[in-house]
**Q** 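Take a look at this one; I'll ask things after.
Here is how names work: the chains are called A, B, and so on, in the same order as the sequence lines, proteins then strands, and each is numbered from 1. All values below come from the heavy atoms of this structure, side chains included, with hydrogens, waters and symmetry mates left out. In this text the structure is predicted, and so the values were computed from the model without any measurement.
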Amino acid sequence: MAEPPPERQRWSIIVVRSGGFAGMRREWRANSDDDDRIDWTGLVEACPWNARSPRNAGADQFVWRISATGPPRQCTATLGDPALTGPWRELVLTVQSVHKQNRATPG
Amino acid sequence: MVFGIVPPYLLAHIADLEDDRFAAAKKGARRALQQSPPFRAARLTFSFDDADNLVMELADGPNRTISDAEQQEVLPGVVARSEGEEPTGDPSTDEAYDGLGATFALFSEVYQRNSIDGAGLPLDATVHYGELFDNAFWNGERMVFGDGDGEIFGRFTGSLSVIGHELAHGVTQYTAELEYAGQSGALNESISDVFGALVEQHSLDQSVDEASWLIGEGLFTDEVEGSALRSLQAPGTAYDDDVLGKDPQPAHFDDYVETEDDNGGVHINSGIPNRAFYLAAEALGGNAWERAGQIWYDTLSLPLEPTSDFAAFAAATVQAASARYGEESEEVEAVVAGWAGVGVTGATIDGRATA
């Protein structure tokens, strides 16, 4: 039996990458409305927001801060670069790609 | 005069020499051969003594392995060049190999430290990490270099100061163990910038006045308005670009940046201790690696807390300078003035009280 489609929720997602050798901060943003063909709720819910990510070992690795706001829900997580895998990576790559498209489109 | 790296078969030959004139070389060769596994490389020096005898001396040598991640984010990758092998023709591999050699040489020849751990730890690096990867890092065990995106950054092995910076993180890990967050994290970063700059200066035989004091010179593509990523001489002035913005480093403790990013701004606030080092080196003149560098190196071996703040580290540098050069020395004066110049003061620093 197919489950009913999830209730449509609007998300606003911000990805901040800091650190790295250069210490330069970069930020990418995306909203559900930017591309409603994407299953934003599925992308957000696939991420283990409550799991503690181990600190980066060594030095100069990127640090990722990801926040997803879909009222009344608010999720944030800070991850080291080696932890940016699986659903986290998928979410970040999607946000970066949508962000890039938005900036490429005038207006 | 350094003639390069001694292969194991030559060490074995030297160890078996019956000629008394080579007694020291024989002893050194035997010592090098006994350090196994893994086999440690050695540096062979030839000279003539007063009686015109040929003298061979063995010193510590690096044991480098450069691997190629082939654009994957998987470590370590495939071995591309091992110790003693000829250049591969791949710039990243050969720059990493030579850069680790230059860094090893500074620590070995100037500070008598045998590699990262002081006991000949192999120097492992990976190049061509990831796709368009805009970073170089130390993962606790190896140095990793990306190729850059080609638009903002070129390959990260392109600057010797970057290679020295990464290896120095290893040295800090085995000595002061400064926690990578907040002020202790900024100190950890600064130590890597200081020794990264010193590796370049030592390699080019540049005095304080001749040196650029830049970190990551040549990393930016021609599209970027900027000479480098950081400047120890003038933090905050390394780049100023339409897209990247301006170098955000403070040069004074009054401008310390509080932020959640980057483990509390470790790559930003490092500008403060960086300039303190520059000021001390400038006051002393000559080659920065000799006195200022020696004091910073000695400081790493003092019993610092992992969470030491700027003031605690500054006090330790004064202690290190006093121990080596005397309490009333110009070296102590230069170090105290360096910290005062960036607004890091206190009774344990300028009062020269014991911490």
**Q** What part of E73(B) is in contact with chain A, defined as an atom under 4.5 angstrom from a non-hydrogen atom: side chain, backbone, both or neither?
**A** side chain
**Q** Does a sphere of radius 6.0 Å around CD in E131(B) hold more than 12 heavy atoms from other residues, nucleotides or ligands, not counting ones at 6.0 Å or beyond?
**A**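 No, CD of E131(B) has 12 or fewer neighbouring heavy atoms, counting only those of other groups under 6.0 Å.
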**Q** Kindly give the heavy-atom pair with the smallest separation between A22(A) and F153(B), and that separation in Å.
**A** CB-CZ, 3.8 Å
**Q** Check whether any side-chain N or O of H267(B) sits under 3.5 Å from a backbone N or O of M24(A) as a donor-acceptor pair, and report yes or no.
**A**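 The answer is no, because no donor-acceptor pair under 3.5 Å joins these two groups.
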**Q** Please report the interatomic distance CG(D60(A)) to CG(N139(B)), rounded to the nearest 0.5 Å.
**A**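 CG of N139(B) is found 11.5 Å from CG of D60(A).
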**Q** Can you see which heavy atom on D262(B) is nearest to which on G19(A), and at what distance?
**A**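 Smallest heavy-atom distance, with atoms named: OD1-CA, 3.1 Å.
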**Q** Please classify the contact between V144(B) and chain A as side chain, backbone, both or neither, with a heavy-atom cut-off of under 4.5 Å.
**A**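 Neither part, no heavy atoms under 4.5 Å.
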**Q** Side chain, backbone, both or neither: which part of E141(B) has a heavy atom under 4.5 Å from chain A?
**A**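 Interface part for E141(B): neither.
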**Q** Go through the steps for F145(B) and F21(A) under the test ring-ring contact (aromatic ring centres under 6.0 Å, His included), then give the verdict.
**A** CA-CA 10 Å; F145(B) 301 93; F21(A) 182 88; 9.1 Å; no
**Q** Measure N56(A) against the heavy atoms of chain B and call it side chain, backbone, both or neither at under 4.5 Å.
**A** neither
**Q** Might you confirm whether atom CG of D33(A) has over 12 heavy atoms from other residues, nucleotides or ligands at distances under 6.0 Å?
**A** yes
**Q** So, do Y180(B) and Q61(A) sit near enough that their side-chain heavy atoms are less than 4.5 Å apart?
**A** no
**Q** Crowded around E90(A) CD? As in, over 12 foreign heavy atoms under 6.0 Å?
**A** no
